Amino acid sequence: MNYWLVKTEPESYSIDDLAREKNKRTCWDGVRNYQARNFMRDDMRVGDLVLFYHSNANPPAVVGVAQVVREAYPDPTAWDEDDSHFDPKSSPENPRWVMVDLQFQQKFSAPLSLQSLRSVKALQQMELLRIGSRLSVQPVRKSEFETILRLATK
DNA sequence: GCCAACGTTGGC
DNA sequence: GCCAACGTTGGC
């Protein structure tokens, strides 16, 4: 099993939005970064657990956990001219971008702020904490995932 | 709102 | 294929 972290701006889509969805699941569309896409397309598997991160939030924080419930398939928002993530180079015949389905699993009783995570020794290598890290879909080590769960349920 | 750190684009 | 210009991300 693999572990991941996805970023979202809560103003546009928050963990509460996910929890409110029918069946508590949604398609994770709109990813337009090749590295992030490749992680979703090549390595994300049903059952993988995903840390849910609120960026551009106050404070920016890991706020809960979701689970992959469907593996990568074409992202139709890429060929929707009215969508803010429209990409003229993608088409139904030749889709360039993919999405996965995520299902809500839990919301932490208290968010784990970016600042608080920076002081955790076991997380020093985390991609999220790297200066200038912008990847919106990123792998998380098992030990890191477990450390964060432990912090969240303390 | 600023701006540093990235990623992408496109001329050459 | 280099790299300058530009656009975006995201913490602060």
Side-chain angles (χ1 to χ4, degrees), chain A residues 2-21 26-44 48-68 71-102 104-141 143-145 147-152 154:
Chain A
N2 292 317
Y3 301 89
W4 307 94
L5 179 146
V6 297
K7 294 181 182 175
T8 176
E9 303 193 14
E11 294 256 320
S12 57
Y13 194 88
S14 73
I15 192 158
D16 294 321
D17 292 323
L18 178 61
R20 270 194 296 270
E21 298 278 3
T26 192
C27 47
W28 204 250
D29 60 20
V31 173
R32 296 291 180 271
N33 171 282
Y34 289 106
Q35 212 181 339
R37 178 203 67 182
N38 293 349
F39 281 131
M40 290 201 294
R41 187 191 59 194
D42 303 335
D43 298 318
M44 264 198 185
D48 285 358
L49 293 174
V50 181
L51 296 173
F52 205 92
Y53 178 80
H54 282 172
S55 62
N56 262 317
N58 198 3
V62 179
V63 293
V65 179
Q67 187 166 35
V68 177
E71 285 167 23
Y73 60 109
D75 178 353
T77 66
W79 53 76
D80 175 358
E81 279 187 54
D82 296 326
D83 193 278
S84 59
H85 300 290
F86 172 64
D87 178 1
K89 295 184 208 121
S90 189
S91 67
E93 297 74 32
N94 198 2
R96 170 174 301 219
W97 303 106
V98 301
M99 58 192 190
V100 297
D101 286 358
L102 297 181
F104 175 84
Q105 193 173 70
Q106 65 161 304
K107 180 183 175 180
F108 296 156
S109 53
L112 295 175
S113 73
L114 182 65
Q115 191 188 20
S116 72
L117 296 180
R118 287 199 188 281
S119 65
V120 179
K121 202 152 195 196
L123 301 178
Q124 296 298 313
Q125 301 298 315
M126 236 187 132
E127 169 69 22
L128 180 71
L129 304 185
R130 266 191 44 237
I131 302 277
S133 165
R134 289 168 35 174
L135 252 190
S136 61
V137 177
Q138 54 182 260
V140 171
R141 294 174 186 81
S143 63
E144 294 163 348
F145 185 88
T147 297
I148 284 178
L149 264 202
R150 206 174 313 120
L151 291 170
K154 227 181 226 171

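The structure displayed is predicted, hence computed values, not measured ones. Labels below follow one simple rule: chain letters A, B, ... track the order of the sequence lines, proteins then strands, and each chain is numbered from 1.
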Heavy-atom distance under 4.5 Å between the side chains of Phe104(A) and Thr26(A), does that happen here? no
Using five pairs at each end of the helix from dG1(B)-dC12(C) to dC12(B)-dG1(C) to define an axis, what is the angle between those two axes, to 10°? 10°
Whether Arg96(A) side chain and Asp87(A) backbone form a donor-acceptor pair below 3.5 Å: no
Flag, side chain of Asp17(A) to backbone of Ser14(A), donor-acceptor distance under 3.5 Å: yes
Aromatic rings Trp28(A) and Tyr13(A): how do their planes relate, parallel, tilted or perpendicular, breaks at 30° and 60°? perpendicular
Is the backbone of Pro76(A) close enough, under 3.5 Å, to the side chain of Asp29(A) for a donor and an acceptor to pair up by distance? no
Any donor-acceptor N/O pair, Asn2(A) side chain to Asp43(A) backbone, under 3.5 Å: yes
Less than 6.0 angstrom separating the ring centers of Tyr34(A) and Trp97(A), yes or no? yes
Most 5' of Arg134(A) and Asn56(A) on DNA chain B, judged by nearest nucleotide: Asn56(A)
Would you find a donor on one side and an acceptor on the other, under 3.5 Å apart, between the side chain of Glu127(A) and the backbone of Ser133(A)? no
Heavy-atom nearest nucleotide on DNA chain B for Lys89(A) versus Gly132(A): which residue maps closer to 5'? Gly132(A)
Considering only heavy atoms of chain A and a distance under 4.0 Å, specify the first and last nucleotide of DNA chain B in 5' to 3' order that meet this criterion. dA5(B) to dT9(B)
